[in-house]
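Step one of this worksheet: look at the structure below.
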Amino acid sequence: MNERTTCVVAGGGPAGMVLGLLLARAGVEVTVLEKHADFLRDFRGDTVHPSTLRLLDELGLGERFAKLPHDRMERIAFPVGEHDEVTVGDLRRLRTAHPYIAIAPQWDVLNLLAEAAEEEPAFRLRMRTEVTSLIREGGRVRGVRYRTRDGETGSLYADLTVAADGRWSVARRDAGLAPKEYPVPIDAWWFRLGREPGEAGGTLTPRMRNGRMAIVIPRDTFFQIAYLGRKGIDAQLRAAGIESFRAEVAEVVPQMADRLGELESMDQVKHLDVRLNRLRRWHVDGLLCIGDAAHAMSPIGGVGINLAVQDAVAAATLLAGPLRKGTVSPSVLAKVRARRLVPTVLVQALQRLLHRTVAQPLVDGKRLGPPRPMVELLRRVPRASVVPAYLIGIGFRPEHAPEFARRV
């Protein structure tokens, strides 16, 4: 079956859904293809940073978001010694309408975006539909081939195809675009533990011990735990078994020891192969990559989702007009990369620095926590904590909703 749309977006994650919503509000016919049946997938990034909260306000979605279950993270701290900590980023110092990071289930945020987008006549969301390859004609990408969960196949032709299908992007691979990989010393293991009513959140404080680090993220009814260790040890952890893993976790976060019995099998522990990479070129004729498909980010700082959303806003702002006119040339697509490259490079440079100065010494057992000069500076000049807070919460080049997408 052959079909047609103006823009087809591969992937219904944050970047794909924001791009679809914005283009639809510009009157561009857009179809988002998502291979899963719903958005209910655990252990995805759930941080919504101040710049994204401001964007939701500009789109007229701030009140809807406020009704979703979420926690507020106002401070990022690192442990110093056994019983002390230093505030690395104090988001309360930011001059913004939302001086905090909202911790909200990503599926709720994606459902909110989908509901808003479906109010637009030009928007289509097709779940259970996986992009399998690109359509090429005359040296140009002309759309995608897809397969539904029921086994139905078809072709969707489009003036522009956008790859927003993550770090293992099928569309990117089929276009022959390969990212440059940067060394990463850590991997992450995600799991959840119960949270009692009234248990406090508010501060994101990593816990470190014996070459391991754990970050406890409060959710509505449970804690989401990110357990970080040396890259390449997943097989070793699984071979040792769940009892050994529970013992390791209890040593790093002893306050969670009373509920570790909830982990009955290593099947409840999800491994994330941490990558840090970036495409040299984000497009070919007829295809644009954004978000993780263009640049996979480390979980350090939790900025990957928000950077992907910023890509989507920039893409919609630059491409809505050309798409309405049917004139999306490679030079127009190159403008998206030109606009987003500097903030991407700077964020990745900061993550690489944190890998070298914090993560690598941690997994090597040489140091727990940030370098001493950083600790001393933040203790003597507490106001300096606004700088990391700004870099994490707002970013190097925050994007604003284009006028055509704004709603009161």
Side-chain angles (χ1 to χ4, degrees), residues 13-26 44-76 89-117 119-120 164 201-202 204 217 290-291 295 297 301-320 336 339-340 342-344 346-347 350 385-408:
M17 294 304 299
V18 169
L19 179 62
L21 169 62
L22 269 58
L23 289 180
R25 286 188 174 183
R44 304 175 70 165
D46 295 328
T47 57
V48 185
H49 290 214
S51 57
T52 303
L53 292 169
R54 181 179 62 194
L55 174 69
L56 292 173
D57 286 344
E58 293 168 349
L59 297 175
L61 302 176
E63 290 186 5
R64 295 196 207 181
F65 178 84
K67 295 177 182 178
L68 299 179
H70 65 277
D71 283 274
R72 294 187 178 189
M73 196 72 66
E74 299 177 330
R75 200 165 59 89
I76 301 167
D90 191 343
L91 289 101
R92 296 168 297 186
R93 296 182 181 274
L94 296 177
R95 296 182 179 180
T96 181
H98 304 282
Y100 55 86
I101 293 173
I103 310 294
Q106 191 178 114
W107 55 77
D108 284 343
V109 179
L110 293 176
N111 280 325
L112 183 156
L113 293 170
E115 290 167 5
E119 296 168 5
E120 306 298 326
L204 185 63
I217 303 170
I290 62 172
H295 46 73
M297 311 300 290
V303 296
I305 294 169
N306 298 278
L307 204 65
V309 167
Q310 303 293 312
D311 286 356
V313 176
T317 302
L318 293 167
L319 300 178
V336 178
R339 183 180 182 94
R340 297 303 307 160
V342 170
T344 301
L346 290 175
V347 169
L350 179 59
S385 64
V386 73
V387 176
Y390 184 88
L391 296 178
I392 293 172
I394 305 297
F396 290 100
R397 186 173 186 173
E399 301 285 350
H400 289 272
E403 289 299 325
F404 61 74
R406 294 183 178 233
R407 300 289 185 272
V408 176

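In what follows, residues are counted from 1 in the order of the sequence shown. The shown structure was predicted, so the numbers you read here are calculated from the model rather than taken from an experiment.
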Side chains of [X] and [Y] in contact at under 4.5 Å (non-hydrogen atoms):
{"X": "F396", "Y": "V342", "result": "no"}
{"X": "V48", "Y": "H70", "result": "no"}
{"X": "V303", "Y": "L350", "result": "no"}
{"X": "P402", "Y": "V313", "result": "yes"}
{"X": "L94", "Y": "V386", "result": "yes"}

Can you see which heavy atom on [X] is nearest to which on [Y], and at what distance?
{"X": "A15", "Y": "I290", "answer": "CB-CD1, 4.0 Å"}
{"X": "R25", "Y": "A405", "answer": "NH1-O, 2.7 Å"}
{"X": "L318", "Y": "R339", "answer": "CD1-CD, 4.0 Å"}
{"X": "H400", "Y": "L55", "answer": "C-CD1, 4.5 Å"}
{"X": "A401", "Y": "R406", "answer": "O-NE, 2.9 Å"}
{"X": "G302", "Y": "H49", "answer": "O-NE2, 3.1 Å"}

At what distance, to the nearest 0.5 angstrom, does [atom1] of [X] lie from [atom2] of [Y]?
{"X": "R397", "Y": "L346", "atom1": "CZ", "atom2": "CG", "value": "11.5 Å"}
{"X": "E403", "Y": "E58", "atom1": "CD", "atom2": "CD", "value": "9.0 Å"}
{"X": "L19", "Y": "D311", "atom1": "CG", "atom2": "CG", "value": "10.0 Å"}
{"X": "I305", "Y": "T52", "atom1": "CD1", "atom2": "OG1", "value": "8.5 Å"}
{"X": "T96", "Y": "L91", "atom1": "OG1", "atom2": "CG", "value": "9.5 Å"}
{"X": "L23", "Y": "L319", "atom1": "CG", "atom2": "CG", "value": "7.0 Å"}

*Polar side-chain atom of E399 near backbone of Q310 as donor-acceptor pair, under 3.5 Å*: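 A pair under 3.5 Å: no.
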Just distance, no hydrogens or angles: give the donor-acceptor pairs under 3.5 Å from side chains in residues 108-117, sequence neighbours left out.
residue : atom : partner : partner atom : Å
N111    : ND2  : W107    : O            : 3.1

* Can you name the ring pair (Phe, Tyr, Trp, His ring centres under 6.0 Å) partners of Y100, sequence neighbours left out? ->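 H98.
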Applying side chain to side chain contact (heavy atoms under 4.5 Å, CB included) to L307 and R340, what does each step give before you reach the verdict? CA-CA 9 Å; L307 204 65; R340 297 303 307 160; 3.6 Å; yes
